[in-house]
S.K.: 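Quick one: this structure, given as structure tokens, is what I'll be asking you about.
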Protein chains: 2
Amino acid sequence: MVDVAKRAAVSVKTVSRVVNGEEGVRPDTKARVDEAIRQLGFRRNDSASDLRRGRAEGIGLIVENMSDPFYSVIGAAVERVARLQRHLLLMGSAEGSAERERDLTGAFLSRRVAGLIVVPAIEDHHWLAAELAAGTPVVFVDRPASGLSADAVLTDNDAGVRSAVEHLAARGHRNIGFLGDNPEFWTAGQRLAAFGSATAALGLRSDLTAMGPHEVEGIAALVETWTRDSDPVTALVTGNNRLSVTALRALRRVGKRLALVGFDDFELADMVEPAVTVVAQDPAAMGEQAAHLLFRRLAGEGGPARTVVLPTRLVVRDSSHLV
Amino acid sequence: MVDVAKRAAVSVKTVSRVVNGEEGVRPDTKARVDEAIRQLGFRRNDSASDLRRGRAEGIGLIVENMSDPFYSVIGAAVERVARLQRHLLLMGSAEGSAERERDLTGAFLSRRVAGLIVVPAIEDHHWLAAELAAGTPVVFVDRPASGLSADAVLTDNDAGVRSAVEHLAARGHRNIGFLGDNPEFWTAGQRLAAFGSATAALGLRSDLTAMGPHEVEGIAALVETWTRDSDPVTALVTGNNRLSVTALRALRRVGKRLALVGFDDFELADMVEPAVTVVAQDPAAMGEQAAHLLFRRLAGEGGPARTVVLPTRLVVRDSSHLV
DNA sequence: CTACTGGACGACAACGATGTCACCCAGCTA
DNA sequence: TAGCTGGGTGACATCGTTGTCGTCCAGTAG
């Protein structure tokens, strides 16, 4: 910047003014400075700018696994909003590890990012309270923070599971099995609970649940067990899209054609055999809302923590039309 | 840091030494400093550190679209390697726009990232030469840079397409159609050229190519045309996974069961009807190799630009067994 | 006892930008 | 003409770290 200033015969402060588009620079001065910038190929050093201003124009995003479509869509949505606010996206996978999540959080905070968007792993987040109080806004996505009151964007898991159960019940299914993920994951727990209350409300069996197997073999064995009965399970609800796909493979493996409704849509759900009925979430909207919440906080909005709950949409395809 | 120094009754320089794990601090001094850091909840300001050191410990990744599985897998791989080197990942989507790509590049360079990994859009990159020469390493992925000699990680498009054509020819197909993307995209052009030479080498027709329609309707119409003939097309090669899926939908729409081989694998390719034979690339390996190349440059490795070409793998499923 | 060594530590400047405040002067009013 | 105004500009301190270099002192050799 001092080189530019010399070349344009102005002070560094004036160069700074031009670079930041501030008021109060005569057009001819600005032109001289712009020309000098062009000639020297000058690029402002944002590290210095960040240091002086005390805040970096970047937002940190922590997800479980960047390559999972659910999270990458969230990431893309966050980046789109961030870009409009002239912020960069820093992104990392916590891979379900609380330690890795803390490391990433620390790294982002050390870099003085403007804010954080986090899909939290299993753990207590009260240690983040200090940073929150210090003015770095944090928004949680998909799952709320535990031990901390902060903004969050969630899916309406309860209504979503209920719509799945009601849909199957309306088609005559009485014994519906639920395949969920480890209930230590908040969403898995929510969906399990929702399954319990939805089935109970309809007078259906609520005990056909398994939060266990994730592999084709395990699920295939489970299906065998559930269908050996004289009063067999005739339909399945799966707690996330990985389980939906795995269940589909398992059903093929054992040659049973149970009805199936999956939580969370996935690409080609309409092209597989049978096309899978799903409770669709809207990850792009989740990312977008989270980013909007964050930037509203950055714009100075106060008030208590907000929670945005997004609705689900039942997308009926073939798999729920099976006997 | 000065607060920590006061509390531990040492100089800031000593705190800096402890924070950076430098030699030459007595264990008891280090313990005092650590304790002060803990008590005050001190976190080093990386903006200041970056400024002083002249380089940020982050690497910038520019892809076409973060939410596309191909790119998000690259991103996850890059992040994994970056993490091991204690670097953060900054990521953005250029969305096929050269301008947006330049903006992102500029933003990353302003932040003085350690290096850049770029999936380039259509354009000339000689303007990057100055930065490259100035010591910021750049690695290109999926497509080489134009007008610039830089490291790159590519897929062996030629061998991949050839394996697809040979596979279909071996199953008796003589008239094979090629559905590609806009040939301004480097990969699309490569694959088209590869299709031409592979068919020519086998004495097959090389003129059944369309770099045009991307929607179900357009492709359906094209298929109708190609199969109306007395000497009809009996097999299709698609140039990327979006086209494979769209072609699959189009074939269903018009009720034709042509053989199909897609370039690039996709999730559930084995579960759709028919399961799709593909030429699989390895995006995770591409991201990993690119990151390794980058960090080798950062470690001071000199020498001319390297190009790593990764092999493809033909994954035979049902769609290529159709008549 | 003196001279020397080397390890531990601190003072200070510098990295490149920006906020504050003072300055200058053209153009105005009284 | 003297005094004011206010827009354009610059000098300087400052953000939080780290590189350089000098100081201090305990321990050792002569």
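Numbers restart at 1 for each chain; the letters A, B, ... are given by sequence-line order, proteins then strands.
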S.K.: Measure the CG-CE distance between B:Leu90 and A:Met91 for me, rounded to the nearest 0.5 Å.
M.R.: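 That separation rounds to 12.0 Å.
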S.K.: Can you measure from OG1 (A:Thr105) to NE2 (A:His125) and round to the nearest 0.5 angstrom?
M.R.: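 Rounded to the nearest 0.5 Å, the OG1-NE2 separation comes to 7.0 Å.
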S.K.: On DNA chain C, compare the nucleotides closest to A:Lys13 and B:Val25; which residue's is nearer the 5' end?
M.R.: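 Closest to the 5' end, via its nearest nucleotide, is B:Val25.
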S.K.: Which heavy-atom pair separates B:Pro137 from B:Leu298 by the least distance, and what is that distance?
M.R.: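 Looks like CG-CD2, 3.7 Å.
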S.K.: Would you mind telling me which residue lines up with the more 5' stretch of DNA chain C, A:Glu22 or A:Leu51, judged by nearest nucleotide?
M.R.: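 Looking at the nearest nucleotide for each, A:Leu51 comes out on the 5' side.
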S.K.: With rounding to the nearest 0.5 angstrom, report the CG to CZ distance, B:Asn45 to A:Arg112.
M.R.: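 Atom-to-atom, B:Asn45:CG and A:Arg112:CZ are 4.0 Å apart.
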S.K.: Would you indicate what A:Thr14 reaches in the nucleic acid, counting non-hydrogen atoms under 4.0 angstrom: base, sugar-phosphate, or nothing?
M.R.: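 Answer is sugar-phosphate: A:Thr14 comes under 4.0 Å of backbone atoms only.
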S.K.: Give B:Asn20 one of three labels, base, sugar-phosphate or nothing, depending on what nucleic acid heavy atoms sit under 4.0 Å from its own.
M.R.: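 Counting heavy atoms under 4.0 Å across all strands, the contact made by B:Asn20 is with sugar-phosphate only.
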S.K.: 5' to 3' on DNA chain D, which nucleotides open and close the contacts with chain A (atom under 4.0 Å from a heavy atom)?
M.R.: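 Nucleotide range in contact with chain A: D:dG8 to D:dG16.
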S.K.: How would you list all residue pairs meeting ring-ring contact (aromatic ring centres under 6.0 Å, His included) that involve residues 45-87 of chain A, not counting sequence neighbours?
M.R.: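 Residue pairs with at least one partner in residues 45-87 of chain A: A:His87-A:Phe295.
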S.K.: Could you tell me which non-hydrogen atom of A:Ser72 sits nearest to which non-hydrogen atom of B:Ser72, and how far apart they are?
M.R.: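 That closest heavy-atom pairing would be CB-CB, 3.6 Å.
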S.K.: Of all the heavy-atom pairs spanning B:Ser47 and A:Arg111, show the shortest one and how long it is.
M.R.: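 So the two residues come closest at OG-O, 3.8 Å.
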S.K.: For B:Arg53 and for A:Lys30, find the nucleotide of DNA chain D with the closest heavy atom, then tell me which residue's nucleotide is more 5'.
M.R.: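 The answer here is A:Lys30.
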S.K.: Below 4.0 Å from chain B heavy atoms, what is the first contacting nucleotide of DNA chain C and what is the last?
M.R.: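 Nucleotide range in contact with chain B: C:dA8 to C:dG16.
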S.K.: By the 4.0 Å heavy-atom rule, please label A:Val10 as base, sugar-phosphate, or nothing.
M.R.: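 Contact class for A:Val10: sugar-phosphate only.
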S.K.: Counting the atoms with a prime plus P, OP1 and OP2 as sugar-phosphate, which does B:Gly24 contact under 4.0 Å by heavy atoms, base, sugar-phosphate, or nothing?
M.R.: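 Sugar-phosphate contact only.
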S.K.: Please tell me whether B:Ser67 and B:Asn65 have a donor and an acceptor in their side chains that are separated by less than 3.5 angstrom.
M.R.: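 Note: B:Ser67 and B:Asn65 side chains meet the donor-acceptor criterion.
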S.K.: Assign each of A:Val12 and A:Thr29 to its nearest nucleotide of DNA chain D by heavy atoms, then name whichever residue's nucleotide is nearer the 5' end.
M.R.: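 Counting from the 5' end, the first nearest nucleotide belongs to A:Thr29.
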S.K.: What nucleic acid atoms does A:Arg112 come within less than 4.0 Å of, heavy atoms only: base, sugar-phosphate, or nothing?
M.R.: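 No contact.
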S.K.: Less than 4.5 Å apart, side chain to side chain, heavy atoms only: is that true for A:Leu128 and A:Phe140?
M.R.: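 In short, these two side chains touch, coming nearer than 4.5 Å.
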